[in-house]
Amino acid sequence: MQRDEQELTTYFADAPEDVSLADVDLERLPSHISVIMDGNGRWATRQGMERGQGHIAGIASLRETITACVRLGVDVLSAYAFSTENWKRPQQEVDLLMHLFATTLVKELPLFHQENVRLEFLGDIEALPQKTREVFEEGLSETADHTGMTLALAVNYGARAELARAARLIASEVKEGTLSVDDVDAACVSSHLYTADLPDPELLIRTSGELRLSNYLLWQLAYSEFYITDTLWPDFDRWELLRAIRAFQGRDRRFGGVKA
Ligand code: FPP
C-alpha cells in the first residue's frame with residue numbers, strides 16, 4: 001500500500017513520551033488490523049453521561065483509527081460495530097446505534113473518497129432497518145472502485161452464524177453438483193465467509209481489557225496476534241494504535257512451526 005511520507009510524519013508528530021512513529025517498522029506492518037471496539041458504555045458512565053454518548057465518542061476513535069491506518073499504509077482495517085447478539089440491548093440503544101451507523105456513513109463518505117477507502121460489510125446487512133441498509137448499500141457502491149485501504153465494518157455479524165451460512169452455501173453447491181465433497185477444505189470454507197476477499201487479520205486489538213472473542217471472526221483469527229488494552233474505545237487514538245503495532249512486531253510468530 002502506498003503512503004505519503006510527509007503526511008505520515010505530520011500525522012504522527014507531537015508523540016507522547018512512551019511511543020512514536022520511529023518505534024514501528026513500516027515495512028513489517030500487519031496487512032490486516034481488526035478491532036473489537038469495546039467500552040463505550042463504561043466510558044460514558046464514568047463521565048456521568050448516557051451510554052449513547054459513549055457510542056458518539058467512539059465514532060471519533062474509529063475515524064482516527066481509519067485515518068492513522070491509511071497514513072501508515074495498512075491494507076485492511078476491520079471493526080466490530082454490532083454483533084448478532086447486540087439486538088438484545090435496550091431498544092433505545094439499538095435504535096441509536098442504527099441511526100449513528102447511517103448518519104456517520106453519510107458524513108464520512110467524503111473522507112472515504114478523499115482517502116480512497118473501499119468499504120465492505122461483514123454480516124447480514126439485509127436484516128438492518130431500511131434506512132441503515134440503504135445508506136450502507138450506497139456506501140458500498142460509491143466506494144467500490146476505490147483502490148486504497150479496505151474498511152470492513154462488521155455489522156449484525158456473528159462468527160457462528162457466518163460459519164453456519166458458509167456450511168449452507170457449501171452444502172447447496174454440493175447438492176447442485178457444482179462442488180465436490182472432496183474439494184471442501186479450509187480454503188473452500190474461507191472462500192464462503194464474508195471475508196472471502198480479505199487476508200486474515202494479523203493483529204486483533206480489543207479495548208477495555210476484556211479477554212474474550214465475543215463471537216468475532218472465530219475462523220479468521222486462528223493465527224492472529226492479540227493486543228488487549230485497558231483503554232476504553234472512546235480513548236483509543238493513533239498512539240494506542242502504534243503501541244499495538246509495536247507489540248505485534250515484537251512477537252515471535254511461528255504459525256504452529258518452530259523458530260527458524
Ligand atoms: C461497544 O461498547 C461498542 C459497540 C456496541 C459498537 C459501537 C461502535 C461505535 C459507535 C463506533 C462507530 C461505528 C460505526 C460503524 C459508525 P459497549 O457498549 O459494549 O461498551 P460497554 O462494554 O462499556 O458497555
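Ligands are counted one by one from 1 in listed order, and the atoms in each one are counted from 1 as well. As the structure is a computational prediction, the values presented were derived from the model and not from experiment. Values reported hereafter were calculated over all heavy atoms of this structure, with side chains retained and with hydrogens, waters and symmetry mates removed. The residues of the chain are indexed from 1 along the displayed sequence.
- Considering both main-chain and side-chain atoms, Asp38 comes within under 3.5 Å of ligand 1 through a nitrogen or oxygen pair.
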| Ser224 and Glu202: CA distance, side-chain angles, deciding distance, side-chain hydrogen bond (donor to acceptor under 3.5 Å, both in side chains) verdict | CA-CA 5 Å; Ser224 311; Glu202 290 192 274; over 6 Å; no
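- Taking distance alone, with nitrogen or oxygen atoms compared against 3.5 Å, Gly39 approaches ligand 1 more closely than that limit.
- The aromatic rings of Trp87 and Phe82 stand perpendicular to each other, their planes meeting at an angle above 60°, with 30° marking the opposite boundary.
- Between Arg63 and Glu108, at least one side-chain nitrogen of the basic residue sits less than 4.0 Å from a carboxylate oxygen of the acidic one, meeting the salt-bridge criterion.
- Checked by atom type and distance alone, the side chain of His192 never pairs as donor or acceptor with a backbone atom of Ala166 at under 3.5 Å.
- The closest protein non-hydrogen atom to atom 13 (C) of ligand 1 is Leu62 CD2, 3.6 Å.
- In this structure Phe112 satisfies the ring-ring contact (aromatic ring centres under 6.0 Å, His included) test with no other residue, sequence neighbours excluded.
- Regarding atom 12 (C) of ligand 1, its nearest protein heavy-atom neighbour is Ile59 CG1, 3.6 Å.
- If you check which protein heavy atom lies closest to atom 6 (C) of ligand 1, you get Ala81 O, 3.0 Å.
- Salt bridge annotation for Arg243-Glu240: present, with a cationic side-chain nitrogen under 4.0 angstrom from a carboxylate oxygen.
- Summary of contacts: the protein heavy atom closest to atom 15 (C) of ligand 1 is Phe101 CD2, 3.6 Å.
- With respect to atom 22 (O) of ligand 1, the closest heavy atom belonging to the protein is Arg42 NH2, 2.8 Å.
- When Glu93, Arg46, Arg89 are checked for heavy-atom proximity to atom 18 (O) of ligand 1, Arg89 turns out nearest.
- Salt bridge annotation for Glu120-Arg118: present, with a cationic side-chain nitrogen under 4.0 angstrom from a carboxylate oxygen.
- Alongside Leu163, the hydrophobic cluster contains Ile170, Val174, Leu179, Val181, Val184, Val189, Leu193, Trp219 (criterion: ILVMFWY side chains under 4.5 Å).
- Among all non-hydrogen protein atoms, the one lying nearest atom 24 (O) of ligand 1 is Arg51 NH1, 3.0 Å.
- Counting heavy atoms closer than 4.0 Å to ligand 1, residue Asn40 contributes atoms from both its backbone and its side chain.
- The nearest heavy-atom contact from the protein to atom 3 (C) of ligand 1 is Met37 O, 3.0 Å.
- Judged by distance alone, the side chain of Thr207 and the main-chain N or O of Asp38 form a donor-acceptor pair under 3.5 Å.
- For atom 10 (C) of ligand 1, the closest non-hydrogen atom of the protein is His55 O, 3.3 Å.
- By the 4.0 Å heavy-atom criterion, Glu210 is excluded from the residues contacting ligand 1.
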